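Here the structure comes first, spelled out in structure tokens, and everything after it is commentary.
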Amino acid sequence: MTANDEAQEFTGTGTEPRAGIGSLSRSADIMAAEVSRLLARPGFLGQSVADLRRADSAFDALDGLMRGGAPLPLHWPRSGDANLREPVTALYDSVSESLRVMGGAAQSFVALRSACELLHKLDAELRAGAPLPEPWQRQR
């Protein structure tokens, strides 16, 4: 089973019951790594539309896991001042918007580069202990 197969198995609205919650413990780590991998190498201009769609799908899977309460990736400590959530949520929104750009190869290539930079910033903030973005917030 690949990371994408496992994530697809668990995606949804986040409100439906899930079987095998123990297998989710590593799914968020896998999907965070997959999103990073897809954005780290945007590839060739001619492949950028497909590459952008793949990165968007992987981010959607990660987003579904986080909204559904899956355990956080190990490198994102659960901490941070909730009053500082707004900048992290803005980064999250910007990553999501960049991945949803529609257009030709040139537009998709630029969107991939932008999403890569924004995801790097979001990941760095979360690794440093920033609070989770609002859509991923959990009850303590």
Side-chain angles (χ1 to χ4, degrees):
M1 176 182 281
T2 66
N4 285 335
D5 292 335
E6 185 174 344
Q8 299 243 344
E9 181 180 337
F10 295 106
T11 57
T13 64
T15 59
E16 62 271 48
R18 299 197 199 305
I21 214 72
S23 63
L24 287 177
S25 64
R26 303 303 312 159
S27 295
D29 285 303
I30 292 167
M31 288 317 303
E34 180 70 0
V35 172
S36 294
R37 183 190 68 78
L38 288 167
L39 291 176
R41 297 185 181 181
F44 299 105
L45 183 65
Q47 297 174 325
S48 61
V49 173
D51 290 345
L52 184 61
R53 297 290 59 89
R54 278 192 288 277
D56 185 33
S57 292
F59 188 77
D60 280 347
L62 174 62
D63 189 46
L65 288 165
M66 294 294 85
R67 288 174 185 254
L72 298 176
L74 295 175
H75 56 275
W76 294 347
R78 187 174 180 178
S79 61
D81 182 353
N83 294 324
L84 303 175
R85 184 172 300 117
E86 188 174 322
V88 178
T89 299
L91 277 172
Y92 159 87
D93 288 339
S94 296
V95 170
S96 183
E97 289 170 16
S98 292
L99 291 171
R100 286 180 172 75
V101 165
M102 298 300 237
Q107 284 179 300
S108 295
F109 191 77
V110 170
L112 281 166
R113 294 284 187 189
S114 176
C116 178
E117 180 181 330
L118 292 163
L119 181 70
H120 179 74
K121 289 178 183 178
L122 176 61
D123 184 59
E125 289 292 321
L126 293 172
R127 285 175 187 258
L132 293 172
E134 188 274 325
W136 296 351
Q137 196 57 55
R138 286 114 199 274
Q139 300 299 325
R140 289 206 180 243

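Treat the numbers as computed from the prediction; the structure is a model and nothing was measured.
A salt bridge is defined here as a Lys NZ or Arg NE, NH1 or NH2 lying under 4.0 Å from an Asp or Glu carboxylate O, and R100 with E97 fails to meet this definition. At a threshold of 4.0 Å, the pair K121-E117 counts as salt-bridged, since one of the basic side-chain nitrogens sits closer than that to a carboxylate oxygen.
In this structure, the side chain of R138 does not engage the main chain of R67 through any donor-acceptor pair within 3.5 Å. At distances below 3.5 Å, not a single donor-acceptor pair connects side-chain atoms of S96 with backbone N or O atoms of Y92.
Taking all atoms of both residues into account, the shortest heavy-atom contact from S98 to A111 is O-CB, 3.3 Å. Heavy atoms only, all atoms of each residue included: L99 and A115 are closest at CD2-CB, 3.7 Å. Heavy atoms only, all atoms of each residue included: P133 and R85 are closest at C-CD, 4.0 Å. Of all heavy-atom pairs between A105 and S48, the closest is O-OG, 2.6 Å.
Side-chain heavy atoms closer than 4.5 Å link hydrophobic residues (I, L, V, M, F, W, Y) into clusters, and following such links, even through other members, never connects V110 to L112. Note on M31 and L118: same hydrophobic cluster, where clusters join Ile, Leu, Val, Met, Phe, Trp and Tyr whose side-chain heavy atoms are under 4.5 Å apart, directly or indirectly.
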Between L91 and E125, does a side-chain contact (heavy atoms from CB on, under 4.5 Å) hold up when you go through it step by step?
CA-CA 9 Å; L91 277 172; E125 289 292 321; 4.0 Å; yes
Step by step, would you call L38 with D51 a side-chain contact (heavy atoms from CB on, under 4.5 Å)?
CA-CA 7 Å; L38 288 167; D51 290 345; over 6 Å; no
Can H75 and D29 be said to form a side-chain contact (heavy atoms from CB on, under 4.5 Å), step by step?
CA-CA 8 Å; H75 56 275; D29 285 303; 4.2 Å; yes
Could you walk me through whether L122 and L126 pass side-chain contact (heavy atoms from CB on, under 4.5 Å), step by step?
CA-CA 6 Å; L122 176 61; L126 293 172; 4.0 Å; yes
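Taking the six-membered ring for Trp and thresholds of 30 and 60 degrees, W76 and W136 have nearly parallel ring planes, at less than 30 degrees apart.
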